[in-house]
Amino acid sequence: MKLLMVYNFDQYEAEVENPNFYRSCAEKVFPKLSVSTSFLPDLAKSLLYKILILFRVDKGQALDVCIFFWLIRYGHKYEVIVGWLTGGIIASFLKGILRWRNTRVCLILYKMPTKNHSEIIYRVKHFILRISSKGADRIMTLDHLQAISFEKYLGRGPDSIKALVYGIDTDWYDNQLKNIPQIVFPPTVFCPGSAHRDDSVLENAVFDIDVCVKRYQLDDTGVARAISERVGKAHMEKNYNAPYNSYMFDCRNSSMVVIAVENSDKPVGLTALLECMALGRPVIITNGASSRDYVSDGFTGLLFEAGNWQQLRDKIQFLLDYPDEAERIGSNASEHVRLKYGLYSCGESFHQSLYDMANKH
C-alpha cells in the first residue's frame, strides 16, 4: 500500500524531541505491513510559498495554499491519504471534487466548530466542514463519544466514522528510563505542556498547598529559559523550551503529574498523558475527551471535572497525603499503557482500519 501523510514533521515539529505516534507508525510499524509512507515535502521552500509571503499572506495560510496545489498535482498517485487538521480537510475536499478513483482518504478530526461565535459564523463553518469532508472515505476521531456525535453532525453513515486508539512508542521511553534515576522529590507536581491548558484552574488548586510546581512548555521563541514565582504557598517553576531529558527527569521524579486542560469538545494532551503514564507517574487529568477512553479513574489515574479547581486541589492533597497510593496508581498506569497503548498494538490497529478502508468496495 502506498500511503501519504499530509504533514511534514521535519518542517512543523523540528524542535520536538519525543516520538510522534503517526510518524512512529510510518517508520516502525507500517513497513513491516508492506506499507510505504511518504510525507509532504518542505513546501516553505517552494516558489509559490515565497510569492505568497512576499504579498504578506500569513505563513500558515500560505502553507495551506501550497498543500492545496501540491495535492492537486500529486494526490491521485497514492492509494491512501491520511490527513488531520487543515491538510486532511483539503485532501478530503479534493478527493470529492476531483473524484480520485484509486485513492482513499482518511480524515482525522479532533473537534467540530463551536458556538462561541455568532450563529451565522457557526453555521457557515458547519456547512464548509460538512461539504469538504464528503470526500473522506473514513473519518477517525480520538474518542469514541466523538465518533458517535460526529456521525450526526456530518450526516455520515455509521461505518464511515471510527475511533482511533492513540498510542506511544513505549520501547523508546523504556530506553530513556535506563538513563533516568528515580529519586522522587516530594512534594513536587509536574505539569507537562499541552494545548488548551487551564492555568487558572492549576494555580487556584495549588494556591494553598506548600508544593513545588514544575511547569513545562514549548513556545515560538525556541529559547530555553526558566521563570520562578510564588503562587500563594506554592513555588512555581515555568520552564520554556527545555531539553527533553530535563522534561523526563522532572516528570520521573515528581510526586504526581497534573494535566489541567479545557477538553470538553476535543482531545488535547494525549501524548503528555500517555508519556507520563509510561514514565510511571500518577496522573491527575481533566475528565473529558482527553481522558475518558484512556484513564480508569482511581486505578490508572485520577480525574477531576473541568474548571473545578477545588476538586483538583483535593486530588493533589490526597496523593501527597498517601504516597503509597500514588505509587500504586503510577505503577498501574505504567503497566496499562504498555499493554493497551503501545506503538505496535495501536499502530497495527490503525493500519487495519486503513487497510479495510482501502479494500472496501
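Side chains are part of it too, since the values below use all heavy atoms of this structure and drop only hydrogens, waters and symmetry mates. Residues: numbered from 1 along the sequence shown.
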> Restricting to non-hydrogen atoms, name the atom on Pro267 and the atom on Gln146 that form the minimum distance, rounded to 0.1 Å.
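For Pro267 versus Gln146, the nearest heavy atoms are CD-NE2, 3.5 Å.
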
> Is the closest side-chain heavy-atom distance between Leu270 and Tyr294 below 4.5 Å?
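In short, these two side chains touch, coming nearer than 4.5 Å.
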
> Whether the Gln317 and Asp321 side chains hold a donor-acceptor pair (N or O, under 3.5 Å, no angle test) is what I'd like checked.
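There is such a pair between these side chains.
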
> Taking NZ, NE, NH1 and NH2 as the nitrogens, is one of them in Asp174 or Arg338 under 4.0 Å from a carboxylate oxygen of the other?
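Answer for the salt bridge query: yes.
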
> Tyr247 and Phe190: aromatic ring centres closer than 6.0 Å?
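Tyr247 vs Phe190: aromatic centres under 6.0 Å.
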
> Which heavy atom in Ile259 sits nearest to a heavy atom in Phe304, and how many Å separate them?
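Closest heavy-atom pair between Ile259 and Phe304: O-CE2, 4.1 Å.
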
> Side chains of Asn8 and Asp42: is there a donor and an acceptor less than 3.5 Å apart?
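Judged by distance alone, the side chains do not pair up.
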
> Any side-chain heavy atom of Met236 within less than 4.5 Å of one from Glu203?
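Yes, their side chains come closer than 4.5 Å.
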
> Are the charged groups of Lys95 and Asp137 less than 4.0 angstrom apart, N to O?
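Between Asp137 and Lys95 there is a salt bridge, with a charged N closer than 4.0 Å to a carboxylate O.
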
> Give me the ring orientation class for Tyr22 and Phe350: parallel if the planes are under 30° apart, tilted from 30 to 60°, perpendicular past 60°.
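Ring orientation, 0 to 90° scale: perpendicular.
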
> Within the 4.5 Å heavy-atom criterion, are Leu302 and Glu325 side-chain neighbours or not?
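Side chain of Leu302 against side chain of Glu325, heavy atoms only: no contact under 4.5 Å found.
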
> So does Asp250 pair up with Lys214, basic N to acidic O under 4.0 Å?
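Judged by the 4.0 Å cut-off on N to carboxylate O distance, Asp250 and Lys214 do form a salt bridge.
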
> Any side-chain heavy atom of Tyr110 within less than 4.5 Å of one from Val268?
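SC-SC contact between Tyr110 and Val268 ruled out.
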
> Should Cys66 and Tyr49 count as side-chain neighbours, where that means a heavy-atom distance under 4.5 Å?
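Counting from C-beta outward, Cys66 and Tyr49 do come under 4.5 Å.
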
> Is it true that, when you exclude Arg73 itself, more than 12 heavy atoms of the residues, nucleotides or ligands shown sit nearer than 6.0 Å to its CZ?
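Incorrect, the count does not exceed 12.
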
> Do you see a donor-acceptor pair shorter than 3.5 Å between the side chains of Ser334 and Asn332?
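Distance-only check fails for Ser334 and Asn332.
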
> Report whether Val6 and Ile72 are members of the same hydrophobic cluster (ILVMFWY, side-chain heavy atoms less than 4.5 Å apart, transitive linking).
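Linked within one cluster.
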
> Does one hydrophobic cluster hold both Phe249 and Val16, with members joined at side-chain heavy-atom distances below 4.5 Å?
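No, separate clusters.
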
> Same cluster for Leu48 and Leu94 if Ile/Leu/Val/Met/Phe/Trp/Tyr side chains link at under 4.5 Å?
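Hydrophobic grouping puts Leu48 with Leu94.
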
> Quick one: are Phe30 and His351 in side-chain contact, heavy atoms under 4.5 Å?
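A side-chain contact exists here, since the closest heavy-atom pair is under 4.5 Å.
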
> Would a single hydrophobic cluster contain both Val257 and Ile209, if residues Ile, Leu, Val, Met, Phe, Trp and Tyr are joined by side-chain heavy-atom contacts under 4.5 Å?
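No: no chain of side-chain contacts under 4.5 Å links Ile209 to Val257.
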
> Kindly check if the number of other-residue, nucleotide or ligand heavy atoms within 6.0 Å of CG (Asn102) is above 12?
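Not more than 12 within 6.0 Å, no.
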
> Would you call Met277 and Thr300 a side-chain contact if the rule is heavy atoms closer than 4.5 Å?
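The answer is yes; the side chains approach within 4.5 Å.
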
> Are Ile53 and Leu40 connected in the hydrophobic side-chain network, where two residues link if heavy atoms are under 4.5 Å apart?
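Ile53 and Leu40: one cluster.
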
> Would you say OH of Tyr244 has more than 12 non-hydrogen atoms from neighbouring residues, nucleotides or ligands within 6.0 angstrom?
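More than 12 within 6.0 Å, yes.
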
> Grab the two heavy atoms, one from Leu319 and one from Pro282, that are nearest each other, plus how far apart they are.
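Taking every non-hydrogen atom into account, CD1-CB, 4.2 Å.
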
> Just wondering, are more than 12 heavy atoms of other shown residues or ligands nearer than 6.0 Å to OH in Tyr355?
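Check fails, neighbour count at 12 or below.
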
> Could you tell me which non-hydrogen atom of Ile180 sits nearest to which non-hydrogen atom of Asn253, and how far apart they are?
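Closest approach of Ile180 to Asn253, heavy atoms only: CG2-ND2, 4.5 Å.
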
> Give the intermediate values and the outcome of side-chain contact (heavy atoms from CB on, under 4.5 Å) for residues Leu273 and Val283.
CA-CA 7 Å; Leu273 167 65; Val283 179; 3.8 Å; yes

> Measuring centre to centre across the rings, with the benzene-like ring taken for any Trp, is Tyr341 within less than 6.0 Å of His336?
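Centroid separation for Tyr341 and His336: below 6.0 Å.
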
> Check the pair Arg23, Asp10 against salt bridge (charged side-chain N to carboxylate O under 4.0 Å, His left out), reporting the backbone distance first and the verdict last.
CA-CA 11 Å; Arg23 185 172 189 170; Asp10 292 334; 3.1 Å; yes

> Quick one, Val213 and Glu237 - any side-chain contact, counting heavy atoms below 4.5 Å?
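Side-chain contact under 4.5 Å: no.
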
> When the aromatic ring centroids of Phe21 and Tyr166 are compared, is their separation below 6.0 Å?
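They qualify: ring centres under 6.0 Å apart.
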
> Do Tyr7 and Trp84 make the cut of ring centroids closer than 6.0 angstrom?
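That pair passes the under 6.0 Å test.
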
> For side-chain contact (heavy atoms from CB on, under 4.5 Å), just list the numbers for Glu275 and Asp169, CA-CA rounded to whole Å, side-chain angles, deciding distance to a tenth of an Å, and then say yes or no.
CA-CA 9 Å; Glu275 69 186 354; Asp169 188 351; over 6 Å; no

> Output yes when Lys238 and Glu229 qualify as a salt bridge under the 4.0 Å nitrogen-oxygen rule, no when they do not.
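Yes, charged N to carboxylate O under 4.0 Å.
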
> Does atom CZ (Phe127) have a neighbourhood of more than 12 heavy atoms from anything else shown, all under 6.0 Å?
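Counting other residues, nucleotides and ligands, CZ of Phe127 stays at 12 neighbours or fewer.
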
> For Glu335, does the CD atom sit with more than 12 other heavy atoms under 6.0 Å from it, leaving out its own atoms?
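No - once you tally the heavy atoms of other residues, nucleotides and ligands closer than 6.0 Å, there are 12 at most.
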
> Heavy atoms only: give me the nearest Met256-Ile316 pair and the separation to one decimal.
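Heavy atoms only, the tightest pair is CE-O, 3.5 Å.
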
> Please report the closest heavy-atom contact between Arg156 and Arg138, naming both atoms and the distance.
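It is NH2-N, 4.1 Å.
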
> Taking atom types as modelled, is there a side-chain donor on Asp219 or Thr221 under 3.5 Å from an acceptor on the other?
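Yes, a side-chain donor-acceptor pair sits under 3.5 Å.
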
